[in-house]
2 protein chains.
Amino acid sequence: MNTTEKFQKYRQLGLKLTPQRLAILEFLEGNTSHPSADEIYQHVAQQFPSMSFATVYNTLDALRRKGQILELCIDPNKKRFDPNPIPHHHIFCTKCHKIVDVEHDYQIELSSEESKGFKVMGCNIVFWGLCPECQKEELNKENLNN
Amino acid sequence: MNTTEKFQKYRQLGLKLTPQRLAILEFLEGNTSHPSADEIYQHVAQQFPSMSFATVYNTLDALRRKGQILELCIDPNKKRFDPNPIPHHHIFCTKCHKIVDVEHDYQIELSSEESKGFKVMGCNIVFWGLCPECQKEELNKENLNN
DNA sequence: CTGGCTGCAAATCTTTTGCATCCTG
DNA sequence: CAGGATGCAAAAGATTTGCAGCCAG
């Protein structure tokens, strides 16, 4: 999507596309690292040294309300953001806090008794464990102890 | 479990059972509201006006490390605690932030390609939607608008 | 031109930490 | 009586807010 198309798209969504927002969008586009607000801030602040956290949070919240991004509650320390709003799942490394996408479409249903009267709108699965890098570190530790 | 049995149990786990900890444990026991640290603090502070947050967090962390409770990452605003450490799932009300248990044992597996090299240790499913009370409120709103 | 956006700073909220003192085992 | 636990207060982090000015549409 080129810049003109982006302007059209976000204008249709009722969002003004400022240079700061464009920079945030371009950082997020295709980004699969599930960055935190701070990581997004650190990156765009390189181009806009006057960038403030208020703008980052404001933009992320506007994008979330328009269904363009997901706010993830997976990392216990901070919110992480996912530029892919299509429902999908995640694997979380409990050691380094890496988050990786899982595209598998599980057909998970709650029976009416199980849903306890809730109107269920969706579900998210978080697999957790150790990423390849952290597994290696664990092995190194063990070897040092022997 | 009576108090004597609790002392034995926690002593075996390597935890000193102080009156403050006992009060926290008794508040958590059978509690399915998934309270936050602040809610736990507010409750036990009634019996122990000198109670500090440090003690609440310290106790919760000790219990978590011994596998006695779960720290839930479901409510984006704060950690919530679950006295039931047996793996299970949850439904989350996005409006009032109520969390309800789901005991259904889904057999969810990740293929080796899907797990991207992670050593997967477990998974948690969060269903989200509106609880019965918040559905009613939504209906009332609609009626007011008509 | 006007309503939404930005930047700044202060405030808020949750959680953590250092440390002196206390008390369980 | 030793090591872990408590209480207090301050600090640390993440996120939100108020507000004056700015600028995209």
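These values consider heavy atoms only, across backbone and side chains, with no hydrogens, waters or symmetry-generated copies. Chain A is the first sequence line, chain B the second, and so forth, proteins listed ahead of strands; every chain is numbered from 1.
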Testing the 3.5 Å rule here: is there a donor-acceptor pair between the side chains of [X] and [Y]?
X        : Y        : value
B:Asp101 : B:His34  : yes
A:His90  : A:Asn124 : no
A:Asn31  : A:Ser33  : yes

| task | Using a 4.0 Å heavy-atom cut-off across all strands, classify B:Asn77 as base, sugar-phosphate, or nothing. | result | sugar-phosphate
Send over the distance from [X] [atom1] to [N] [atom2], rounded to a whole Å.
X       : N      : atom1 : atom2 : value
A:Leu72 : D:dT15 : CG    : C1'   : 17 Å
B:Leu22 : C:dT24 : CG    : P     : 12 Å
B:Arg65 : D:dG4  : CZ    : C1'   : 11 Å
A:Asn58 : D:dT16 : CG    : P     : 11 Å
A:Glu71 : D:dT15 : CD    : C1'   : 10 Å
B:Leu17 : D:dT6  : CG    : C1'   : 14 Å
A:Ile24 : C:dC5  : CD1   : C1'   : 11 Å
A:Phe53 : D:dC19 : CZ    : P     : 23 Å

| said: If you only use heavy atoms from C-beta on, which nucleotide in D:dG7, C:dT16, D:dG18 is closest to the side chain of B:Gln20? | reply: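 Among the listed nucleotides, the one closest to the side chain of B:Gln20 is D:dG7.
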| task | Consider the side chain of B:Leu15, meaning its heavy atoms from C-beta on, and name the nucleotide among C:dC8, D:dA5, D:dG7 that approaches it most closely. | result | D:dA5
Does [N] have OP1 or OP2 under 4.0 Å away from a side-chain N or O of [X]?
X       : N      : result
A:Thr18 : C:dC5  : no
A:Lys78 : C:dT15 : no
B:Arg21 : D:dT6  : yes
B:Tyr57 : C:dT16 : no
B:Ser50 : D:dG7  : yes
B:Ser52 : D:dT6  : no
A:Thr55 : C:dG7  : yes

| field | Residue closer to the 5' end of DNA chain C, B:Ala37 versus B:Pro19 (nearest nucleotide) | value |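 Of the two residues, B:Ala37 wins.
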| said: For B:Lys16 and B:Asp38, find the nucleotide of DNA chain C closest to each by heavy atoms; which residue's nucleotide sits nearer the 5' end? | reply: B:Asp38
| Short question: side chain of A:Asp82, backbone of A:Asn84 - any donor-acceptor pair under 3.5 Å? | yes
| said: So A:Ile40 and A:His43, do their side chains get closer than 4.5 Å, heavy atoms only? | reply: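 No, every pair of side-chain atoms sits at 4.5 Å or beyond.
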